[in-house]
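See structure below.
In what follows, every chain begins at residue 1, and chains take the letters A, B, ... in the order their sequences are listed.
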2 protein chains.
Amino acid sequence: MHYDINEYKNPLFTVDSVLFTVKEGALKVLMVRRAKAPCEGCWGLPGGFVDIENDMTTDVTARRKLKEKTSVEPRYLEQLQAFSGSDRDPRGFSVTLVYFALVTEQDVSSHIASVEDVQWIDVKVLPSLDIAFDHKTIIEHAQKRLQQKALYSMIPVYCLPSQFTIGQLKSVIETILEKPIQRKSLIRRIEASDMFEGAEQKVKSGGRLAQLYSVKEGADLVNFERNFSV
Amino acid sequence: MHYDINEYKNPLFTVDSVLFTVKEGALKVLMVRRAKAPCEGCWGLPGGFVDIENDMTTDVTARRKLKEKTSVEPRYLEQLQAFSGSDRDPRGFSVTLVYFALVTEQDVSSHIASVEDVQWIDVKVLPSLDIAFDHKTIIEHAQKRLQQKALYSMIPVYCLPSQFTIGQLKSVIETILEKPIQRKSLIRRIEASDMFEGAEQKVKSGGRLAQLYSVKEGADLVNFERNFSV
DNA sequence: CGAATAGTGTCTTTAAGACACTATTCG
DNA sequence: CGAATAGTGTCTTAAAGACACTATTCG
């Protein structure tokens, strides 16, 4: 049976990523300054088109684009959601599949022509910047998802180096949630989750030496049955 | 600046919906029997291509396709996730954006040529059926999402008529979760959520008359801070 | 020693689970 | 009345919050 692929015009389809980290006590999102139209000169999310010959899935596209445009390989990556419409891109009806990612604080750089600059941008200064398309809204959605997940999972560990102290984890969680949590509650979760193991050595921290922890080999992110209270 | 839309071949992009209801004490999913290739004769999820001239967003596409193919207008609709790959559709690399929907138990019918038949199919019999593409996997993901949300929200009400009793709601939740819950816990949630209002009349139910409830005008789905236990 | 941070002990609070009890309807 | 289902009262339990207490390090 004949199938006419041109029966409908396909929408413009792209993959973008919202990559967060916590740095200097603030939640930062990775943005690139666009060197090409549309939105030349604006800040935008790193992303681009699927390479249908080589990308197995859109997950691969998201990772590939992050690496190409910013040299970052995320520690955590999941689909956020698709954003679509005819008014979000001047080129016509478009769909962007957005990924939500986390990484250890690190330096970033760009090596390709379509990107002028790459920066970690504090989510608090976003309102005052010139942001491409609907990327501002998208980042807000991603931030909400991160906050929600931080209430019932250990997802914030992916913003830390592979070894970290409870004090660092507490501080990252508090930055994400924008409110304090109980150290004791965090310790109880660390024990209950069985996701972590303590290292041999301890580390200086201004007072008593702190135990270092790392995520156990192959441990999955566990979800708790209750949220931290809001 | 020139932008070359053909720099990359766009993937094939479709929108599909997993529409559930609870009927005769079982979770059912709405499937259509495909009258056209690919997968002619198989059961598949209702969906299709975006009409980029007329659909404002992919949400509209999902609703439109459901209505065209099955005559159903869902009470609840949200994005599930996109599924992508070069091996899921014989026509090449494809992306399907999948929606997850709920509706009151109702009759369904088809009025278009590309659909031979429309049926509510018990999720328990899916393994033994011939299902198009990766739709079996997709339905499993959607079912997990439904089960997860039923643990911390009142989402199962959208499988009931606009007026319902606590007994009916309890039974729908138990069907979705595949385990019993405490009636008392459910009543506490109904009161705490402030999503519902009692109707004037009560209704027969084999014993004492039962209070009818309905979702308050404009009430949003509330999320509880704890799950029902597993 | 005192300041600072790490880590423990334990009481309170919240919301779910368990389950017995009362209430209402119908045959 | 008895069976069936609706709805309440209340004790127990699980896990978070609050917060005081001890432990260790450094200057």
Side-chain angles (χ1 to χ4, degrees), chain A residues 25 147-154 156 160 163-174 177-214 222-230, chain B residues 25 147-154 156 160 163-174 177-214 222-230:
Chain A
Q147 288 176 333
Q148 193 54 39
K149 289 212 160 193
L151 291 173
Y152 62 80
S153 81
M154 286 295 185
L160 286 169
Q163 291 202 313
F164 56 88
T165 67
I166 291 178
Q168 289 173 317
L169 179 54
K170 175 167 183 282
S171 143
V172 165
I173 294 172
E174 290 175 338
L177 296 180
E178 300 176 323
K179 74 171 192 68
I181 60 163
Q182 292 283 330
R183 179 185 195 84
K184 182 71 182 184
S185 300
L186 178 56
I187 292 173
R188 284 193 284 232
R189 284 189 167 196
I190 288 174
E191 281 162 8
S193 70
D194 197 39
M195 274 181 68
F196 305 100
E197 56 197 357
E200 298 296 288
Q201 78 275 43
K202 304 193 180 223
V203 79
K204 262 191 279 201
S205 66
R208 172 174 170 179
L209 297 187
Q211 175 68 56
L212 278 174
Y213 289 87
S214 60
V222 328
N223 292 335
F224 302 98
E225 304 220 322
R226 294 169 73 156
N227 286 353
F228 284 129
S229 352
V230 199
Chain B
Q147 287 176 333
Q148 194 53 39
K149 289 213 161 192
L151 290 174
Y152 62 79
S153 80
M154 286 296 185
L160 286 169
Q163 292 201 314
F164 57 88
T165 67
I166 291 179
Q168 290 173 316
L169 179 54
K170 176 166 181 282
S171 144
V172 165
I173 293 172
E174 289 175 340
L177 296 181
E178 300 175 326
K179 71 169 195 69
I181 60 163
Q182 291 284 329
R183 179 185 194 85
K184 182 70 181 185
S185 301
L186 178 57
I187 291 172
R188 283 192 284 234
R189 285 188 166 195
I190 288 174
E191 279 162 7
S193 70
D194 197 38
M195 275 181 68
F196 305 100
E197 55 195 359
E200 298 296 289
Q201 77 276 41
K202 305 195 179 217
V203 80
K204 261 190 280 198
S205 66
R208 172 173 167 176
L209 297 188
Q211 174 68 58
L212 278 174
Y213 289 87
S214 60
V222 327
N223 292 335
F224 303 98
E225 305 220 322
R226 298 170 70 157
N227 286 354
F228 284 129
S229 356
V230 200

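Atom CD in B:Q168 sits roughly 13 Å away from atom C1' in D:dT5 (whole-Å rounding). Rounded to an integer number of Å, the gap from CD of A:Q182 to C1' of C:dT12 is 12 Å. The nearest whole Å value for the distance from the CZ atom in A:R183 to the P atom in C:dT8 is 9 Å. A:I187 places its CD1 atom 12 Å from the C1' atom of C:dG9, with the value rounded to the nearest Å. What separates CG of A:L169 from P of C:dT5 is a distance of 17 Å, to the nearest Å. When the P atom of C:dA18 is taken as reference, atom CD1 of B:I181 falls 11 Å away, rounded to whole Å. Spacing between atom OH of A:Y152 and atom C1' of D:dA16 amounts to 18 Å, rounded to whole angstrom units.
Between the CZ atom of A:F228 and the CD1 atom of A:I173 there is a distance of 5.0 Å, given to the nearest 0.5 Å.
When all heavy atoms of A:E174 and A:I181 are compared, the pair lying nearest together is OE2-N, 2.9 Å. Minimum heavy-atom separation, B:F164 to B:Q168: CA-OE1, 3.1 Å. In this structure, A:S193 and A:F224 approach most closely via the heavy-atom pair CB-CZ, 3.9 Å. A pairwise comparison of heavy atoms in B:Q163 and B:S214 identifies CG-CB, 4.3 Å as the closest pair. Contact detail for A:T165 and A:A210: the closest heavy-atom pair is CG2-CB, 3.7 Å.
Judged by distance alone with a 3.5 Å cut-off, a donor-acceptor contact links the side chain of B:K184 to the base of D:dG9.
Between A:E178 and A:Q147 there is a side-chain heavy-atom pair separated by less than 4.5 Å. Looking only at side-chain heavy atoms (C-beta outward), A:N227 and B:R226 stay at 4.5 Å or farther from each other.
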So which protein N/O to nucleotides 14-16 of chain C N/O distances come out below 3.5 Å?
from	atom 1	to	atom 2	distance (Å)
C:dT14	O2	B:R226	NH1	3.4
C:dA15	O4'	B:R226	NH1	2.7
C:dA15	N3	B:R226	NH1	3.1
C:dA16	OP1	B:R189	NE	3.2

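Under the Watson-Crick or G-U wobble criterion, with both distances below 3.5 Å, D:dT13 is paired with C:dA15. Pair assignment for D:dA6: C:dT22, on the basis of Watson-Crick or G-U wobble contacts that are both within less than 3.5 Å.
Pairs of residues two or more places apart, or lying in two chains, that qualify as salt bridge (charged side-chain N to carboxylate O under 4.0 Å, His left out) and include a residue from residues 185-199 of chain A are A:D194-A:K216.
Counting any heavy atom pair closer than 4.0 Å across all strands shown, A:K202 reaches no nucleic acid atom.
DNA chain C lies under 4.0 Å from at least one heavy atom of each of the following residues of residues 205-213 of chain B: B:G207, B:R208, B:L209.
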